[in-house]
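Reading through the C-alpha cells given below for one structure.
Residues take their numbers from the sequence shown, with the count starting at 1. Only this structure's heavy atoms are used, side chains among them; waters, hydrogens and symmetry mates stay out.
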Amino acid sequence: MKKNISRRNFLKIFGGSAVATAAVLTGCKSKSESKAVEEYKQQVEPPIGKMTYRTNPKSGDKVSILGYGMMRLPSKTENKDDYDQEMINRQIDYAIEHGMNYFDTSPVYCQGKSEACTGIALSRHKRSEYFVATKLSNFHPSTQSREASMAMYHNSMKQLQVDYIDYYLLHAIGGGMDEFNRRYVDNGMMDFLMKEREAGRIRNLGFSFHGYQNVFDEVLAMHDKYHWDFVQIELNYLDWDYANEINSRNVDASYLYAELEKRGIPAVIMEPLLGGRLANLPQYLATELKSKDPERSVASWAFRYAGTPKGVLTVLSGMTYMEHLKDNLLTYCPLVPLTEAQQRFLDKDVAERIVGLENIPCNDCKYCMPCPYGIDIPAIFVHYNKCKNDGTLPRLKMDDDYYKLRRNYLIGLDRAVPRLRQADHCIGCGQCEPHCPQSIRIPRELQKISEFVESLKQNKFEEST
C-alpha cells in the first residue's frame, strides 16, 4: 500500500474533515482511521493565492468568499470556555495566509470572550489585511439604553483593538418592530450609528435577520433612510425553500435573497451548514453526495451552494478546528459554482428528504446559552438529532438491535454532555426560549428528551419515537 493518502481516498473513507474530526474528538477511531487523519493533515493542503473574492458594490471592498465566524472557538481543555488563544492565533494566521480577510464576531459570542480573542489574533496583522465585523448585541433590557448600547459599541472597538469597524450589524432583528424600535430607534442609536458611519468609524452598516417576514420587510423598507450597506441572512439548501415549513416564524432564504438582490444590497451568509446538520447527513444521503463527486466532502456541497449566488459577498463558517478550516479553504480556493442541475438536486432531492426527518431545528448557535442551571442545551439537541439522522434511536423493544442502540445512546449522551448538564436538570424557567432564532420551545423539547432518556434507563421504552 502507498504510504501517502490522496484527498480522493481520504474523502472516500471519511466523507469530509468534519467526520474525521468528530472521530478524533470522541476517541472512537481505529488505528487505521487515526493514521488516515494524520496523513490527511500532512498531505492535503489548500493552495495559496487561489481564494475567490467578491466586490462589495457599496464600498469596493474585495472580500473573501469564505468568512471566519468567531462563534465556535477552540478550547484548551474539556472546559469549552477555556479558549485556546494560541490555536486561535494559528488558525487566523493560516486563514489570512490563504486569502481570508473577513472575520465576524459579537460581544455575546463564546460567553462574551470572542471579541477579545479575535482582537488578540488579528492585531498581530496589518489592519489593511482584514475586515472585521461585529454587532450591537443589546438583547437584554439592561443593555438597551443609549448609554449602555454606546458602551457596548465602544467596548467592541477596545476588545478588537481597532479604531474603526468595517462591518457593523444590528444583531438578530426579526422578533418584532416594537423590539427593533426599543433596541435601535427610540434610544437614538440609529442616529448615532449613522453619524459614526459618516465619520468613518463604521465603514459598512447593516443588520442580521432571524424572524418574521413582516419585520424583515419593514426594516428593509428603511433602506431609503438608513442606506443599508449589507444584510446578513441564513441561507443554505434546506432553508432556501423549506425554512418556513420547518418553522412558521422563519422566512425562506429564496425570498430574503431576492429582496436584497432587488435593491442591490450585498448578502452575508450565516448558517451555510445549519449548525453542522448539513455536514452530518444521514449515511444514505451522504453516500449519494459522495457518489456524485468522491473528491468533495459532504460539507463542501453546502458551502458551494451558499457561495454560488452572485449577490453573496461572503459565507461565514464557524471553524473550530484546523481540519474544518482546511476543508473549507479547499472548497473556496477557488469556488467552483454549482451547476443548475446540482442546485436542483440539492433543492429537491436532498432538501425534501431532510425535511421529512422532523428533527429539533437546532443550529447549535448557542444563543440560548448560558443556561442559569448549567444545562448544555445545544449539545443535548445535537446528540439527539445525530442519532435520529443516523437511524440509531432505540425505538421498539422487539427490534433485534434495541438493546444495543439503547446502550449506545445512553453512553454517547454521557460522553457528549456531562450528567449535571443533561435535560433532566431543566426546571422550565424559560429564560432560553426568547433568544432562540429558530423559535424552538426549548423547555418542552428538553422535557421530552428527559422523559425519553429516563424511559431508556428504566428499560420501559416501548413506543415509536
Step by step, work out the side chain to side chain contact (heavy atoms under 4.5 Å, CB included) result for F103 and L122. CA-CA 9 Å; F103 298 86; L122 288 177; 3.8 Å; yes
Show your working on side chain to side chain contact (heavy atoms under 4.5 Å, CB included) between Q91 and M319 and close with a plain yes or no. CA-CA 9 Å; Q91 290 176 189; M319 296 167 283; 5.6 Å; no
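- Closest heavy-atom contact between A243 and D252: N-OD1, 3.0 Å.
- Applying the salt bridge (charged side-chain N to carboxylate O under 4.0 Å, His left out) rule to R263 yields the partners E259; only residues at least two apart in sequence or on another chain are considered.
- Centroid-to-centroid, the aromatic rings of Y102 and Y130 stay 6.0 Å apart or farther.
- Checked against side chain to side chain contact (heavy atoms under 4.5 Å, CB included), T308 has the following partners two or more places apart in sequence or in another chain: P337, L338, Q343.
- Checked against side chain to side chain contact (heavy atoms under 4.5 Å, CB included), D166 has the following partners two or more places apart in sequence or in another chain: R127, F131, V132, Y164, R203.
- Atom NZ of K386 has 12 or fewer neighbouring heavy atoms from other residues, nucleotides or ligands inside a 6.0 Å radius.
- Partners of K348 by side chain to side chain contact (heavy atoms under 4.5 Å, CB included), not counting sequence neighbours, listed by chain and number: D241, E352.
- Here W240 contributes atom CH2 and L235 contributes atom CG; the two are 5.5 Å apart, rounded to the nearest 0.5 Å.
- Listed for the S145 side chain is a donor-acceptor partner under 3.5 Å among the backbone atoms of A148.
- Judged by distance alone, the side chain of S317 and the main-chain N or O of Y68 form no donor-acceptor pair under 3.5 Å.
- Defined by atom type and a distance below 3.5 Å, a donor-acceptor pair is missing between the side-chain atoms of N328 and T331.
- Side chain to side chain, Y332 and H98 fail the donor-acceptor criterion of an N or O pair below 3.5 Å.
- Sparse packing is recorded around CD of E340, with 12 or fewer heavy atoms of other residues, nucleotides or ligands lying under 6.0 Å away.
- Under 3.5 Å, the side chains of S106 and S137 contain a donor-acceptor pair of N or O atoms.
- For P57 against P266, the heavy-atom pair with the smallest separation is CD-CG, 3.6 Å.
- Atom CD of E86 has 12 or fewer heavy atoms from other residues, nucleotides or ligands within 6.0 Å.
- If you take CG on D229 and CG on N56, they are separated by 7.0 Å, rounding to the nearest 0.5 Å.
- Legend: residues meeting salt bridge (charged side-chain N to carboxylate O under 4.0 Å, His left out) with R304, ordered by chain and number and at least two apart, are absent.
- In the model, S149 has no side-chain atom that pairs as donor or acceptor with a side-chain atom of Q144 under 3.5 Å.
- Listed by chain and residue number, R201 satisfy the salt bridge (charged side-chain N to carboxylate O under 4.0 Å, His left out) test with E196 (two or more places apart in sequence, or in another chain).
- Using a distance-only test at 3.5 Å, with no hydrogens or angles considered, no donor-acceptor pair links the side chain of N89 to the main chain of I120.
- Remark: R54 does not engage D61 in a salt bridge, criterion side-chain N to carboxylate O under 4.0 Å.
- Checked against ring-ring contact (aromatic ring centres under 6.0 Å, His included), H435 has no partners two or more places apart in sequence or in another chain.
- Qualifying side-chain hydrogen bond (donor to acceptor under 3.5 Å, both in side chains) partners for Q431, counting only residues two or more places apart in sequence or in other chains: none.
- Minimum interatomic distance between G275 and D364 (heavy atoms only, all atoms of both residues): O-CB, 4.0 Å.
- How far NZ of K262 is from NE2 of H223: 13.5 Å, rounded to the nearest 0.5 Å.
- Contact of the C333 side chain with the T52 side chain is not registered, since no non-hydrogen atoms from C-beta on lie closer than 4.5 Å.
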Run the salt bridge (Lys or Arg N to Asp or Glu O under 4.0 Å) check on K135 and D104 step by step: do they pass? CA-CA 9 Å; K135 307 170 181 74; D104 172 89; 2.8 Å; yes
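- Between the NZ atom in K58 and the CD1 atom in I265 there is a gap of 5.5 Å [rounded to 0.5 Å].
- Summarising the local packing, CZ of R90 is surrounded by 12 or fewer heavy atoms from other residues, nucleotides or ligands at distances under 6.0 Å.
- Take D349 and apply the salt bridge (charged side-chain N to carboxylate O under 4.0 Å, His left out) test, not counting sequence neighbours, and it matches no residue.
- The ring-ring contact (aromatic ring centres under 6.0 Å, His included) pairs that include a residue from residues 173-202 are Y153-F192, F180-Y184, where partners are two or more places apart or lie in different chains.
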One pair to check against side chain to side chain contact (heavy atoms under 4.5 Å, CB included): Y168 and L193. What are the steps and the verdict? CA-CA 9 Å; Y168 198 67; L193 294 176; 3.7 Å; yes
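- If you take SG on C117 and CD1 on I88, they are separated by 4.0 Å, rounding to the nearest 0.5 Å.
- To the nearest 0.5 Å, atoms CD1 (I92) and CE (M87) are separated by 12.5 Å.
- For the residue pair D84/S75, the side-chain donor-acceptor check at 3.5 Å is not satisfied.
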Chi angles and distances behind the salt bridge (Lys or Arg N to Asp or Glu O under 4.0 Å) call for E288, R353: CA-CA 12 Å; E288 193 167 341; R353 283 180 280 177; 3.1 Å; yes
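- A salt bridge links E179 to R183: at least one charged side-chain nitrogen sits closer than 4.0 Å to a carboxylate oxygen.
- Applying the side chain to side chain contact (heavy atoms under 4.5 Å, CB included) rule to C387 yields the partners H383, T392, L393, Y409; only residues at least two apart in sequence or on another chain are considered.
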Show me the donor-acceptor pairs within less than 3.5 Å that the side chains of residues 210-219 make with the rest of the protein, sequence neighbours left out.
unit_1	atom_1	unit_2	atom_2	d
Q213	NE2	Y255	OH	3.4
D217	OD1	Y255	OH	2.7
D217	OD2	Y255	OH	3.2

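- In this model, no donor atom of one side chain and acceptor atom of the other lie less than 3.5 Å apart for T134 and T105.
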Given side chain to side chain contact (heavy atoms under 4.5 Å, CB included), test W301 with D293 step by step and report yes or no. CA-CA 10 Å; W301 283 85; D293 195 340; 4.0 Å; yes
Does the pair Y367 and H171 meet the rule for a ring pair (Phe, Tyr, Trp, His ring centres under 6.0 Å), with working shown? CA-CA 11 Å; Y367 285 9; H171 195 179; 5.5 Å; yes
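- When every heavy atom of R72 is checked against every heavy atom of N363, the shortest pair comes out as NH2-O, 3.1 Å.
- Because its NZ or CZ atom is not both nearer than 6.0 Å to the ring centre of Y83 and within 45° of the ring axis, K76 does not count as a cation-pi partner of that residue.
- Heavy-atom neighbours of R441 CZ from other residues, nucleotides or ligands within 6.0 Å: at or below the threshold of 12.
- S64 contributes no side-chain N or O that, together with a main-chain N or O of Y53, makes up a donor-acceptor pair within less than 3.5 Å.
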